[in-house]
Amino acid sequence: ISDLPEDVLVELLSMLPAQDLICACRLVCTQWRYVVDLTTLWKRKCQREGFHTQNLDRSIPDWKIFYMLCILKRNLIKNPCAEESFRHWKLDNNEGDRWRIEDLPGPLGREMPDPKVHKYFVTSFGPCLKSQLITLKNEGYWNELMDENQPEIIVKDWYAARFDCGCRYEITVRLLSEDYIVLDEFHPEPVVIEQWSDAMWREISHTFHNYPAGVRYIWFQHGGQDTQFWAGWYGIRVTNSSITIGP
């Protein structure tokens, strides 16, 4: 196999999983290490798996990192649409008549733009907040990747009100160090929706970039309450939350 032309070896090795390339093939010999480190090999893997388009060529400084970010990319928020009740969520505030799960469109509500979403979380007349803490290393994002490449961290959330009741929505997302020190934060002013609104679902989004080195956790919290203090579940509705990382 050592007599194979370089382009043939690139083609063969590009068919292997990335973990095998880095943890096994790269250790075989000097030639294989050289080939595994070639930009052409990782670019070929991106082409093979549909991650590459021609207009990206000039904007990709490292095709290996780009490939890794592509295969890792997914929603890091677990149970974002209430399909597993409150599993994976920590109920930080659960006042009034407490958090509840309802089926879309819900009383005096509207359907979501995304037809794959069927449920939502709804708040009550007391403060209701819930959160998730994402450990980046557990999700495959190693420390050097976050520190040296600083891939974009994209946060999205959807919220809506009932037609007949005013409510308040709030969100906080923090990038935390290993010691849980806040390195960057997204904490906009709460959104207050007046009574007799259009009850439309709206998306809020934020992208973290150029954040400090040392990010090891992402803490996501959202919720709110109704503003008229009615017994029951007349407060803000939330669903389809997401956090994705690069490329």
Side-chain angles (χ1 to χ4, degrees), residues 65 68-96 98-102 114 116-117 119-124 126-160 168-191 202-225 235-247:
I65 293 299
M68 295 296 187
L69 289 171
C70 284
I71 61 172
L72 285 171
K73 190 171 184 178
R74 65 200 185 280
N75 187 1
L76 300 180
I77 294 285
K78 297 175 174 61
N79 186 27
C81 303
E83 295 293 345
E84 301 176 78
S85 187
F86 289 99
R87 188 182 178 197
H88 302 296
W89 290 99
K90 179 184 176 185
L91 304 183
D92 303 313
N93 288 81
N94 201 15
E95 299 182 24
R98 299 171 168 264
W99 280 98
R100 174 173 158 146
I101 292 169
E102 295 179 347
D114 187 343
K116 297 189 293 293
V117 180
K119 296 177 183 289
Y120 59 83
F121 304 94
V122 59
T123 61
S124 186
C128 293
L129 295 168
K130 61 185 178 70
S131 65
Q132 285 192 32
L133 181 68
I134 297 163
T135 303
L136 293 173
K137 195 171 184 179
N138 293 348
E139 303 297 336
Y141 296 91
W142 62 98
N143 295 349
E144 293 79 7
L145 174 68
M146 299 304 299
D147 294 348
E148 296 173 11
N149 296 278
Q150 295 178 309
E152 289 185 341
I153 300 172
I154 302 105
V155 179
K156 296 183 180 181
D157 199 22
W158 287 83
Y159 64 92
R168 167 188 168 117
Y169 165 80
E170 56 187 282
I171 181 173
T172 304
V173 185
R174 292 173 180 159
L175 307 186
L176 305 175
S177 71
E178 188 171 357
D179 299 323
Y180 302 98
I181 296 169
V182 178
L183 300 178
D184 204 346
E185 181 180 66
F186 172 58
H187 182 57
E189 287 294 317
V191 177
R202 288 176 169 81
E203 182 186 53
I204 188 170
S205 65
H206 177 75
T207 300
F208 290 99
H209 50 81
N210 298 324
Y211 45 83
V215 174
R216 302 293 178 261
Y217 306 96
I218 303 174
W219 183 73
F220 176 100
Q221 184 191 65
H222 66 172
Q225 64 185 99
I236 198 70
R237 301 166 172 187
V238 292
T239 193
N240 205 26
S241 314
S242 69
I243 294 177
T244 55
I245 297 182

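Checking side-chain atoms of Ser241 against main-chain N and O of Pro80 turns up no donor-acceptor pair under 3.5 Å. Side-chain N or O atoms of Asp184 include none that pairs as donor or acceptor with a backbone N or O of Pro212 at under 3.5 Å. Side-chain N or O atoms of Trp99 include none that pairs as donor or acceptor with a backbone N or O of Gly223 at under 3.5 Å. Side chain of Asp179 to backbone of Ile181: no donor-acceptor contact under 3.5 angstrom is found. The main-chain N or O of Gly214 is found under 3.5 Å from a side-chain atom of Asp147 such that the two form a donor-acceptor pair. A side-chain donor-acceptor contact under 3.5 Å links Asn75 to the backbone of Ile77.
Between the CG atom of Leu183 and the CD1 atom of Ile218 there is a distance of 11.5 Å, given to the nearest 0.5 Å. Between Ser124 atom OG and Arg98 atom CZ the span is 10.0 Å, to the nearest 0.5 Å. One distance of note links CG of Leu145 with NZ of Lys137; it measures 13.0 Å at 0.5 Å rounding. With rounding to the nearest 0.5 Å, the separation of CG in Leu136 from CD1 in Ile153 is 6.5 Å. Atoms CD and NZ, from Gln221 and Lys90 in turn, are 9.0 Å apart once rounded to the nearest 0.5 Å. Remark: Tyr141 OH to Leu76 CG distance equals 5.0 Å, nearest 0.5 Å.
Contact annotation: the side chain of Ile236 never approaches that of Glu170 to less than 4.5 Å [non-hydrogen atoms, C-beta and beyond]. In this structure, the side chains of Trp158 and Val117 stay at 4.5 Å or more apart for every pair of heavy atoms. Contact of the Phe220 side chain with the Ile134 side chain is not registered, since no non-hydrogen atoms from C-beta on lie closer than 4.5 Å. Contact of the Asn79 side chain with the Phe86 side chain is not registered, since no non-hydrogen atoms from C-beta on lie closer than 4.5 Å.
The heavy-atom pair separating Asp92 from Lys130 by the smallest distance is OD2-C, 3.6 Å. Nearest heavy atom pair, residue Met146 against residue Pro151, reads SD-CG, 4.0 Å. Of all heavy-atom pairs between Leu72 and Glu139, the closest is CD2-O, 3.7 Å. Closest heavy-atom contact between Lys119 and Ala82: CD-O, 3.5 Å. Here the closest heavy-atom approach between residue Val215 and residue Tyr211 is recorded as CG2-CD1, 3.7 Å. Closest of all the heavy-atom pairs between Cys128 and Glu95 is SG-O, 3.6 Å.
Between His206 and Phe186, the ring planes are parallel. Angles under 30° get that label, and only those over 60° would be called perpendicular. Using cut-offs of 30° and 60° for the angle between ring planes, the Tyr159 and Tyr169 rings count as parallel.
Heavy atoms from other residues, nucleotides or ligands lying under 6.0 Å from CZ of Arg74 number more than 12. For NZ of Lys73, the number of neighbouring non-hydrogen atoms (other residues, nucleotides, ligands) closer than 6.0 Å is greater than 12.
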Task: Intermediate values then yes/no, side-chain contact (heavy atoms from CB on, under 4.5 Å), Thr172 and Leu129 - done: CA-CA 10 Å; Thr172 304; Leu129 295 168; over 6 Å; no

- [ ] Start with the C-alpha distance between Ile243 and Ile154, add both sets of side-chain angles, then the distance that settles side-chain contact (heavy atoms from CB on, under 4.5 Å), and finish with yes or no.
- [x] CA-CA 6 Å; Ile243 294 177; Ile154 302 105; over 6 Å; no

- [ ] Kindly determine whether Asp157 and His222 satisfy side-chain hydrogen bond (donor to acceptor under 3.5 Å, both in side chains), including the steps that lead there.
- [x] CA-CA 9 Å; Asp157 199 22; His222 66 172; 2.8 Å; yes

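Glu84 has no carboxylate O lying under 4.0 Å from a charged side-chain N of Lys78, or vice versa, which leaves the two without a salt bridge.
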